[in-house]
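Keep in mind that this is a model prediction, so the values were computed, not measured.
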Amino acid sequence: MTYTVYDDAITMKLIQEACKALGISMDAILKLFGEYFFKFCKMSGYDRMLRTLGGNLTEFIENLDALHSYLALSYQEMNAPSFRVEREADGKMLLHYYSDRSGLCHIVPGIIEAVAKDFFNTEVTMDILDVNEEEERTGKKEHVVFLIVQKSPRQLRRAKPNRLQGSQGIQRDQEALDTAFLRMKEKYLSVSVCLVKKSRWEVVRSMVMLGKGHLVNNFVPIYPKRLWIEEKTFCNAFPFHIVFDESLRVKQAGVNIQKYVPGLQTQKIRLNEYFSIVHPQVTFNIVSICKFINSQFVLKARREMMPDAWKIQPPLKLRGQMIWMESMRCMIYMCSPKLRRLQELEAHKMYLSDIAPHDTTRDLILLNQQRLSEIELSNQLERKKEELPVLSKHLTIEKKKTETLLYAMLPEHVANQLKEGKKVAAGEFKTCTILFSDVVTFTNICAACEPIQIVNMLNSMYSKFDRLTSVHEVYKVETIGDAYMVVGGVPVPTGSHAQRVANFALGMRISAKEVMNPVTGEPIQIRVGIHTGPVLAGVVGDKMPRYCLFGDTVNTASRMESHGLPNKVHLSPTTYRALENQGFEIIERGEIEVKGKGKMTTYFLIQNLNASEDEIMGRPQTLLDHKGNGPWVCRVNTGVIPTPTKLLPSISVKAPEDQLNHFALNALLLHPGCYGVS
């Protein structure tokens, strides 16, 4: 995670494991990482920012602290090191590295050598001269001194392996040099204002320096004999500045810094009485400040020196540059409030107008506020990305619940078509079996009971019937009051639709005995009517659509129910012919007058001769082994369908391992049509 802070212990463990895997030292790993980190920063969009830090390696290093200070606006938890450069007379440099994160100093040579080679086309060598801990520094623990030696151009040329050899190569080099010399001479003469005659190589050198843009190095500024600015104007133009002497006594301060640190208006106060140095981590004296004169200084106001009413506010922090004025033996601190966002501005009860118009802190606050908002948005997106798998899993669960509910209301293939926004065409089924049932004397029961008692009774009855629809694989069409309607062979055609509905009807009759009449306290009685014939089926309505059946078969099945008798399953002639010779006991009722149909010979379904009550109800059965042990659970998974292929229920047996073979044989004996036992 880009903006997440990871403990150094994790970093060190990664380095140690890399050392084991690669078989090289930790110092080498860190140096290689430093080289890669420089490339990584360039690839991450910091290339231009790094290139503009300085015109040479020394300036680049001197401005690293300023870069870290800027990056801290975005990476607020960043704990960056400090750098200080001492230039030696022979061109060598001493690089002082300060960090409170010990053990990482070997990253520095990797970074510096990569920067020198990439940005300044030079090679340097770095050696550690001294390593110590400076406990007097506030928080900084490790102080490492590096010796930086830059290789001369002559050494670099000697190091190149593929330089042209022989007289032919030397001649080509000379011709190229003469051509370049003439071209640069013409360019130089067009801009040169020097009246002194220069040698050929001086002209070449001038043009090379001009082409590289280093002509400004010869610039000599002109200073006025006196300062043309009033003291009052200076303090207003630079509202945040402090001038102090070698003993840290304040000599002068800007108007707004006096406003927010009232103690500075007191005469002869010492700066360290009201401020402490946050960065760089140095002792607050003039010698230490001069040592880090190229660093950016951050001062923090001491809370105890503020007025009582202001102590609840966050302490004011200032960020700026220290400039030593040798003639006056004083130091001027040109600074601005160290603010990152508008919330901090409000917390200090400051306004943008308190900051000078020429001070870029104004723009920095507004730009960083926008950047922080983008970072927060990025973090939110990353958190949402992490939540996506969990949300997707929850969505899948909820989708399954929704589909389960939808499939309970409509056939699955119909529901899928409706989900896809398609129109469901009506389908014609040449043959199916429809069942209607109702509760005997339901009107009288409703008149004698409370509504909640009726609801509880119907819920108990319908729950049992609904379970049977799954056992016998018939489709529940609808319930209206006490009427219950199912169909076999619709919406999925099947040749055993009559047998399925017949077994379902027998199960209904058994289940009804378990539902009590709230008036009499005795089991309720139901009438069941069944008819077989063609129907037209389709979805009707846009709001709460229902899968409905149409045709004379529906009307005839309803007549079979209304003309039936309590606790009897009434069959039409077509249903009787469909069930004939299928293992059912059926008796003839005789000829009756059916409303709207005339005289019809109807029948009563008595029982299934090939199935037990447990099988009809889909209940678990029990098996005993040859020793009489048990009983063991034997669960019937599907309904009993005595078709010509004798497709009987599958059975799962829970028993000791050594008894499984016997139970399998026993199950096959009890159900000779089973294909296997698991």
Side-chain angles (χ1 to χ4, degrees), residues 403-418 423-439 442 458-509 511-512 526-564 569-572 574-575 578-579 596 605 618 639 641:
E403 290 178 346
T404 302
L405 179 62
L406 185 60
Y407 295 155
M409 299 172 61
L410 294 168
E412 184 172 342
H413 75 282
V414 173
N416 291 335
Q417 291 184 54
L418 290 177
K423 291 289 184 181
V424 181
E428 182 179 357
F429 296 84
K430 294 182 179 180
T431 179
C432 69
T433 300
I434 298 175
L435 175 150
F436 278 94
S437 73
D438 72 345
V439 178
F442 181 71
L458 292 178
N459 182 61
S460 175
M461 180 178 69
Y462 289 160
S463 296
K464 298 177 185 299
F465 292 173
D466 290 345
R467 190 185 68 83
L468 289 173
T469 61
S470 299
V471 172
H472 298 286
E473 296 181 351
V474 294
Y475 179 69
K476 175 184 175 182
V477 181
E478 63 180 347
T479 58
I480 302 176
D482 64 323
Y484 195 94
M485 177 183 178
V486 300
V487 61
V490 176
V492 180
T494 177
S496 60
H497 54 84
Q499 296 95 313
R500 292 173 184 270
V501 175
N503 285 317
F504 175 78
L506 294 173
M508 292 178 73
R509 192 172 62 182
S511 297
I526 61 172
R527 285 189 299 261
V528 180
I530 304 176
H531 178 60
T532 300
V535 295
L536 188 69
V539 177
V540 294
D542 294 326
K543 190 173 184 179
M544 295 182 65
R546 300 296 299 173
Y547 188 71
C548 298
L549 306 181
F550 304 93
D552 185 64
T553 301
V554 179
N555 184 49
T556 303
S558 178
R559 292 288 181 262
M560 290 297 100
E561 175 264 316
S562 60
H563 289 73
V569 179
H570 196 198
L571 307 180
S572 70
T574 55
T575 303
L579 295 177
L605 174 64
I641 308 169

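In terms of heavy atoms, F429 sits closest to P493 at CE2-CG, 4.0 Å. Between L435 and A505, the closest heavy-atom pair is CD1-CB, 3.6 Å. Shortest non-hydrogen contact noted between I530 and T433 is CG2-CG2, 3.2 Å. Minimum interatomic distance between V528 and S437 (heavy atoms only, all atoms of both residues): CG2-CB, 4.1 Å. Closest of all the heavy-atom pairs between V490 and V487 is O-CG1, 3.6 Å. When all heavy atoms of C432 and G488 are compared, the closest pair comes out as CB-O, 3.2 Å.
In this structure, the side chains of M560 and L571 stay at 4.5 Å or more apart for every pair of heavy atoms. Under the 4.5 Å side-chain criterion, counting only non-hydrogen atoms from C-beta, E473 is in contact with R500.
Taking CD of E412 as the start and CG of N416 as the end, the distance is 5.5 Å to the nearest 0.5 Å. Put simply, CG on D466 and CE on M461 are 10.0 Å apart, with the number rounded to the nearest 0.5 Å. Considering NE2 of H563 and CZ of R527, their distance stands at 10.5 Å, rounded to 0.5 Å. Note: T574 OG1 to L579 CG = 9.5 Å, rounded to the nearest 0.5 Å.
Under a 3.5 Å cut-off, the side chain of D482 and the backbone N or O of V439 do form a donor-acceptor pair. Remark: side-chain polar atoms of H472 are not paired, donor with acceptor, to backbone N or O of L468 under 3.5 angstrom. Judged by distance alone, with hydrogens and angles left aside, the side-chain atoms of S463 form no donor-acceptor pair with the main-chain N or O of S460 at under 3.5 Å.
The ring-ring contact (aromatic ring centres under 6.0 Å, His included) test applied to H531 returns no partner, not counting sequence neighbours. Considering only residues two or more places apart in sequence or on other chains, Y462 meets the ring-ring contact (aromatic ring centres under 6.0 Å, His included) condition with Y484.
In E478, the CD atom is crowded: over 12 heavy atoms of neighbouring residues, nucleotides or ligands sit closer than 6.0 Å.
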For residues 544-554, please give each side-chain donor-acceptor pair under 3.5 Å, one per line with the distance, not counting sequence neighbours.
{"from": "R546", "atom 1": "NH2", "to": "V477", "atom 2": "O", "distance (Å)": "3.1"}
{"from": "D552", "atom 1": "OD1", "to": "K597", "atom 2": "NZ", "distance (Å)": "2.3"}
{"from": "D552", "atom 1": "OD2", "to": "T556", "atom 2": "OG1", "distance (Å)": "3.4"}
{"from": "D552", "atom 1": "OD2", "to": "K597", "atom 2": "NZ", "distance (Å)": "2.6"}
{"from": "T553", "atom 1": "OG1", "to": "P534", "atom 2": "O", "distance (Å)": "2.6"}

